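For reference, the structure discussed in these notes is given below.
Just follow the structure's listing: the first ligand is 1, and inside any ligand the first atom is 1. Position 1 is the first residue of the sequence, and the numbers go up from there. All values derive from a computational prediction rather than experimental measurement. Computed from heavy atoms alone, side chains included, the values below leave out hydrogens, waters and symmetry copies.
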Amino acid sequence: MPEIGERFTEIRESLPDDVQLVAATKSRSVDEIKEIIEAGAKYIGENYTHPEATEKFEKLGELRKEVHWELIGHLQKNDINKALPIFDRIQTVESVSKAKHIDKRVEKAGKSIVPVLIEVNSGREENKYGIEPTESALEETIRGVGQLEHLRLQGLMTLGPYRGDPEDARPYFRVTRELFEAGKAYVEEDDGMEVLSMGMSNSYRVAVEEGANMVRVGTGIFGPR
Ligand SMILES: *Cc1c(COP(=O)(O)O)cnc(C)c1O
């Protein structure tokens, strides 16, 4: 079995330069995270703010500054205060109401701006978070987030239904890409719609074909959870 760092490098090198690789590190140890940082990882994605991400953030010490911290799991309202000092971007904003709750707490956390992505429930799944995959839902959310002083919208994120065959994910990635393009009409800043985060270990190649410029890979780097 190749080492974690080698697998990270292999995947990194297989991706076009303009596609960012987020290492999905839920359930991985601090030592495993150190290995990928040493291999050159720039982005790590955690799912659970507390206690998992808070403990890892603490334990990594100075090394934590080598990477961008991405929140890729659902953010509970009562974890917002803990999440804000850790995460450089929140990829899972699923409503204007959640965005407002975050916005209210940014200054107290010692920050002035928090970059965010809107999560799209591209498969309209009941057990997943995210806005409905329609242009009207997207427009409403973009306009709502746009009014908040401390959030900076940067793009969209989706999970999509998980099935064995990555081809089955393609239509959901495509729908999200179409919304991403449509959303450009509603953002005020030039950089308001430039990150499209989609695709996991089994599906990131398909996601890149469909326009993802950020993929989130866990098992492909670290092995089975
Ligand atoms: C776990 C996770 C991933 C990575 O999944 P793998 O199948 O391990 O690559 C990507 N995105 C999110 C939101 C996740 O929770």
Which atoms of ligand 1 are found less than 4.0 Å from any heavy atom of A24? 3 (C), 4 (C)

So is G218 polar-close to ligand 1, meaning N/O to N/O under 3.5 Å? yes

Ligand-side contact atoms (ligand 1) for residue partner T219, heavy atom cut-off under 4.0 Å: 6 (P), 7 (O), 8 (O), 9 (O)

In this structure, atom 11 (N) of ligand 1 is nearest to the protein heavy atom R216 NE, 2.9 Å

For I72, is there any backbone N or O sitting under 3.5 Å from a side-chain donor or acceptor partner on E46? no

Donor-acceptor pair, side chain of E32 and main chain of S29, under 3.5 angstrom: yes

side-chain hydrogen bond (donor to acceptor under 3.5 Å, both in side chains) with S197: of Q91, E70, Q154, only one passes, and it is Q91

With a 4.0 Å heavy-atom cut-off (strictly under), which part of N202 contacts ligand 1: side chain, backbone, both or neither? neither

Given the rule that I, L, V, M, F, W and Y join up when any side-chain heavy atoms are under 4.5 Å apart, are W69 and F8 in one cluster? yes

For atom 14 (C) of ligand 1, the closest protein heavy atom turns out to be K26 NZ, 3.0 Å

Check each heavy atom of N47 against ligand 1 and say whether those closer than 4.0 Å belong to the side chain, the backbone, both or neither. side chain

For atom 13 (C) of ligand 1, what's the nearest protein heavy atom and its distance? I72 O, 3.3 Å

Within the structure, is a non-hydrogen atom of R225 found at a distance of less than 4.0 Å from ligand 1? yes

Side chain to side chain contact (heavy atoms under 4.5 Å, CB included) between R89 and L71, worked out: CA-CA 6 Å; R89 175 159 45 207; L71 180 61; over 6 Å; no

Which one holds for S201 and ligand 1: side chain close, backbone close, both close, or neither close, with close meaning a heavy atom under 4.0 Å? both

Quick test: of every protein heavy atom, which one is nearest to atom 5 (O) of ligand 1, and how far off is it to 0.1 Å? M200 CE, 3.4 Å

If you compare all heavy atoms of E210 against all heavy atoms of R170, which two are closest, and at what distance to 0.1 Å? OE2-NH1, 2.8 Å

Can you establish whether the number of heavy atoms outside E58 located under 6.0 Å from its atom CD is more than 12? no

For ligand 1, which atoms sit closer than 4.0 Å to a heavy atom of V217? 9 (O)

Just to verify, what does H101 make a ring pair (Phe, Tyr, Trp, His ring centres under 6.0 Å) with, not counting sequence neighbours? none

